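Here the structure is laid out as structure tokens; the discussion comes afterwards.
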Amino acid sequence: MYYSLGLDTHVLFSGLYFKGAAHALLQMALQREADFFLSQYAVDESLEVISRKRLLPAPLERFLQLPNVKVLSDSSYASSNLFSEGRAL
């Protein structure tokens, strides 16, 4: 059976940097047992968490290069870079 799965930041981060159920789920991508879909927001948020925790981004970068992993862009989503330019209210 082949699956199509949506990922959020928590599952993505946990699966890449820790062992457990989320890691086992992401292994399905390596074994080409599923297509994974995630938003650009989830990617940006994961990169922010990786940076904050001072981890290497290589596991995320390798995962995103898999042919069965698709990042969905949303024109209504403004990159986190734009928010860093804003001022506190």
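Owing to the predicted nature of the structure, the values given are computational and were not obtained by experimental measurement. Sequence positions, counted from 1, serve as the residue numbers for this chain.
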Sequence neighbours left out, cut at 3.5 Å: what donor-acceptor pairs do the side chains of residues 32-39 make with other protein atoms?
| unit_1 | atom_1 | unit_2 | atom_2 | d |
| --- | --- | --- | --- | --- |
| Asp35 | OD1 | Tyr2 | OH | 2.8 |
| Ser39 | OG | Tyr41 | N | 3.4 |
| Ser39 | OG | Ala42 | N | 3.0 |

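- Listed by chain and number, the residues in a salt bridge (Lys or Arg N to Asp or Glu O under 4.0 Å) with Arg52 are Glu48 (sequence neighbours excluded).
- Taking CG from Leu16 and CD from Glu61, the interatomic distance works out to 11.0 Å, rounded to the nearest 0.5 Å.
- Note: Ser51 OG to Leu56 CG = 11.0 Å, rounded to the nearest 0.5 Å.
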Can you give the donor-acceptor pairs under 3.5 Å from side chains of residues 18-30 to other protein atoms, not counting sequence neighbours?
| unit_1 | atom_1 | unit_2 | atom_2 | d |
| --- | --- | --- | --- | --- |
| His23 | ND1 | Gly15 | O | 2.9 |
| His23 | NE2 | Gln27 | NE2 | 3.3 |

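- Residues Leu47 and Leu55 are members of one and the same hydrophobic cluster, defined by side-chain heavy-atom contacts under 4.5 angstrom among Ile, Leu, Val, Met, Phe, Trp and Tyr.
- Here Lys53 contributes atom NZ and Phe13 contributes atom CZ; the two are 5.5 Å apart, rounded to the nearest 0.5 Å.
- Residues Pro57 and Tyr17 come closest through the heavy atom pair CA-OH, 3.7 Å.
- Closest heavy-atom contact between Val43 and Leu60: O-CD2, 4.3 Å.
- Cluster membership check: Leu72 does not share its hydrophobic cluster with Leu12, using side-chain heavy-atom separations under 4.5 Å among Ile, Leu, Val, Met, Phe, Trp and Tyr.
- Note: Leu7 CG to Ser14 OG = 11.0 Å, rounded to the nearest 0.5 Å.
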